[in-house]
Chemist: 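The following block contains the structure, expressed as C-alpha cells.
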Amino acid sequence: MASIPERAQVVIVGGGIVGCSIAYHLTLRGWTDVVLLERKQLTSGTTWHAAGLVGQLRATHNLTRLAQYTTELYATLEKETGQATGFRQIGSLALAASEGRLEELKRGASMARCFGLEASVLTPAQAKELWPLVSTEGLLGAVHLPRDGQTNPIDTTQALAKGARSRGAQIFENVKVSEILVSKGRATGVRTAEGDVEAEYVVNCAGMWAHELGKQAGVSIPLHAAEHFYVVTEAIPGLPRHLPVLRDADACTYVKEDAGKLLVGWFEPKAKPWGMEGIPESFAFDSLPDDLEHIEPLLEAAIKRVPALGGAGIQLFFNGPESFTPDNRYLLGESPEIRRLFVAAGFNSIGIQSAGGAGKVLADWIIDGHPPMDLSDVDIRRTMPFQRNRKYLKDRTVEVLGLLYAMHWPFRQPESSRGVRKSALHDRLAARGACFGEAAGWERANWFAPPGVSPTYEYSYGRQNWFAHSAEEHKAVRERVGLFDQSSFGKFILEGPDGGARRSRRLYAMAQRPRRHRSGPDCDPRK
Ligand SMILES: Cc1cc2nc3c(=O)[nH]c(=O)nc-3n(C[C@H](O)[C@H](O)[C@H](O)COP(=O)(O)OP(=O)(O)OC[C@H]3O[C@@H](n4cnc5c(N)ncnc54)[C@H](O)[C@@H]3O)c2cc1C
C-alpha cells in the first residue's frame, strides 16, 4: 500500500458517504491535491447500514435544493463512474392519519411545488392504488412525490470515491487521525500513526466520532449517537416491485421494498442514546444488540398499516447507531473556533439523501472562501460551546430522533435539556405567566398567559392559544410601555485599535439622525 503523503491541500477525515462526496466535489472543481483518511474501511461507520431512502423535500427551500441536487447526482453517478449505485427513482408516499398530519402534508406538497418538485395530494383510495398492501383504516389522505428515490449507500459511496480517485484524490483506509494539528488558530494538518500530513484545509467528516475529534482541537461539534432500528422481512410472495417508499409518520414508520422484501424502520418518540462511554476502537461494520421490547409496539403499529407484515417472517432485526444534533439539523462549514477547519457531520438520519448537496456546497465553501448560498439552517456557527456537554446532548437525543416524524408544528419547542441559560429576570418573568421558548439555550419569554391561563403551548396549524395574549402584549407596547428582557439576544463586541473611536462616531451619527417617528412633549430625543 502506498504511504500517506507529507502534505496535501485538503485532508478529509472520514470515509463515509459525506467525506467521499466532499472529495468528489473538490476534485470536480479542479482541487485534486486531496487526501481522505479513513480509520477502518470506507462506509464502515454509519453509512453501510443506512436504509438508503433519498427524499427531496426538506423544511426550507435551500435544504430542498441540496436534496434535489443529491437526487440528480445519484441518478447520473453510475454512468459517470461505471460503479453501480442501486439508485432507483421510485417515488415516495406519505400517509396522514390525523387532521394535523394531513394539513402538514398538504402544506408540504404546496411548498414542494413552489420548489419545483412534483407532488400530488391523494385520497386514501388513490394511495391504496399506489401501495396495494396498505390498510386505509383511519387514513385521511396522502402525498405522493414521484421523483423521490432510494439507493444503495455502500455502492453510492464507492461511486463517489471512484469519481474522486479518477480525478487525483488519494484515499487511504486503515489510517486513523489521532489529532488535528492547529497553529495560531488555524488548522495546519493531521497526526496519524503513519506520520503527520500538513494541509491548508482539514475537513472533519468523522460521523459520530466527529464530536470527540473536534473536542480535542477545541471545537464544539454537538452531536450524539442514538440507536436506530429497522427490520427486513423474508421475501413476501407477490409483493409488487418498485413500490414507492412509504412513510406513515403517525405510526413513526417507514417502509421500503427491496428485492421482494420489505425493510421497515422507525423514528420513535423516545429514542435510545448510545455511545455514552465512548465508541469502541474496534467498531467497524458493527451493529448494536436487538431490543425487541423497544420495537414491539412500533412493529404492531406498522402491521396495522401494512397487514401483510404480520404474516411475513423477519429475516433481520437491525439496530445501528447514527448521530443526532440538538436541533435536528446537520453541522456544516468552517468551525468558528479554528480557521480552515471545516466540519460536515451530525446528519440526523438523512446523511445519504444530504451527502450530494452537502458535499457540493462544502467544496464550494472551501474553494471560494464563502458559502455558495444561504446555509444558515445548517451552518456550524449556530452552535454554542455549552452544547458540548454530554448530559445535555444525551438528554436531547432521546427527543430529537423522534422529531423526524413528529408533527412539525409552528413554534414547536424542544422539551428536553431545557433551562440551560436563564436570565436574571427569569423568576420574575415566570411569576408574570411567561411561556418560555428556547433560543440558543436561553429560556426566552415568548408570550405571557393572563391569570388563570396555563402558560403552555397548544400547537396547531391554525391560530394557536397564545394569539390573543400576545396581541394584548403587543397593544400594551404600542399604546403604553413595554420592557423587554434582551439577555438572550446576540451582542457584538467591537474590538481593534480604534474600535472605541469608531463606535463613538457611529453612536454619535445615530444620535444625530432625525427621528421622524418621535414627536410630542414626552419624546425629547436627548432623554
Ligand atoms: C439504521 C439507519 C438507517 C438509515 N437510513 C437512512 C436513509 O434511509 N436515508 C438517509 O439519508 N440516511 C439514513 N441514515 C443516516 C445515514 O446513514 C448517515 O447520516 C450517513 O451515513 C452519515 O454519513 P457520514 O459520512 O457522516 O458518517 P459515517 O458513515 O459514520 O462516516 C464517518 C467515517 O469516519 C471514520 N472516522 C471516524 N473517526 C476517524 C478518525 N479519527 N480518523 C479517520 N477516520 C475516522 C469512521 O470510521 C467512518 O467510516 C440511516 C442511519 C441508520 C443508522
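Read the numbers this way: they start at 1 and go in the same order the structure lists the ligands and their atoms. Numbering starts at 1 and runs along the sequence shown. Atom set for the values below is all heavy atoms of this structure, side chains included, hydrogens, waters and symmetry mates excluded.
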Chemist: Just to be sure I read this right, does ligand 1 sit under 4.0 Å from the backbone of Pro153, its side chain, both, or neither, counting only heavy atoms?
Modeler: neither

Chemist: I'd like to know whether ligand 1 has Pro321 as a neighbour, heavy-atom separation below 4.0 Å.
Modeler: yes

Chemist: Work out which heavy atom in Leu223 is nearest to a heavy atom in Ala345; give both atom names and the distance.
Modeler: CD2-CB, 3.8 Å

Chemist: Note the single closest protein heavy atom to atom 8 (O) of ligand 1, along with its residue, its atom name and the distance in Å.
Modeler: Leu53 N, 2.7 Å

Chemist: If we ignore hydrogens and angles and just use 3.5 Å, is the side chain of His228 paired with the main-chain N or O of Trp266 as donor and acceptor?
Modeler: yes

Chemist: Which atoms of ligand 1 are found less than 4.0 Å from any heavy atom of Gly52?
Modeler: 7 (C), 8 (O)

Chemist: Check whether the side chains of Thr157 and Thr43 place a donor and an acceptor atom closer than 3.5 Å, and report yes or no.
Modeler: no

Chemist: Return yes or no for this condition: an N or O of Ile352 is under 3.5 Å from an N or O of ligand 1.
Modeler: yes

Chemist: Leu145 and Glu118: which non-hydrogen atoms are nearest, and at how many Å?
Modeler: CD2-O, 3.3 Å

Chemist: Would you mind finding which of Gly45, Ala358, Ser349 brings a heavy atom closest to atom 14 (N) of ligand 1?
Modeler: Ser349

Chemist: What are the two closest heavy atoms between Val13 and Val190, and how far apart are they?
Modeler: CG2-CG1, 4.2 Å

Chemist: Which atoms of ligand 1 sit under 4.0 Å from any heavy atom of Tyr230?
Modeler: 1 (C)

Chemist: Quick check on contacts: which atoms of ligand 1 are under 4.0 angstrom from a heavy atom of Gly320?
Modeler: 53 (C)

Chemist: Are the side chain of Asp374 and the backbone of Ser376 linked by a donor-acceptor contact shorter than 3.5 Å?
Modeler: yes

Chemist: Look only at the side chain of Thr64 and the backbone of Phe115, and say whether a donor-acceptor pair between them is shorter than 3.5 Å.
Modeler: no

Chemist: List ligand 1 atoms under 4.0 Å from Ile350, heavy atoms only on the residue side.
Modeler: 10 (C), 11 (O), 12 (N)

Chemist: Which ligand 1 atoms, with their elements, are less than 4.0 angstrom from a heavy-atom of Gly15?
Modeler: 33 (C), 34 (O)

Chemist: Please identify which atoms of ligand 1 are closer than 4.0 Å to at least one heavy atom of Ile17.
Modeler: 23 (O), 25 (O)

Chemist: Atoms of ligand 1 less than 4.0 Å from Val13 heavy atoms?
Modeler: 40 (C), 42 (N), 43 (C)

Chemist: Quick one: does Ala345 get within less than 4.0 Å of ligand 1, heavy atoms only?
Modeler: no

Chemist: Do Glu104 and His408 have side-chain N/O donor and acceptor atoms under 3.5 Å apart?
Modeler: yes

Chemist: Heavy atom to atom 41 (N) of ligand 1, shortest distance: which of Leu223, Leu263, Val177 holds it?
Modeler: Val177

Chemist: Okay, side chain of Thr151, backbone of Thr85: is any donor-acceptor separation there less than 3.5 Å?
Modeler: yes

Chemist: With a 4.0 Å cut-off on heavy atoms, is Leu42 in contact with ligand 1?
Modeler: no

Chemist: Only heavy atoms count here, so choose which of Glu212, Lys40, Glu38 is nearest to atom 47 (O) of ligand 1.
Modeler: Glu38

Chemist: Counting only heavy atoms, which portion of Val175 has something under 4.0 Å from ligand 1: side chain, backbone, both, or neither?
Modeler: backbone

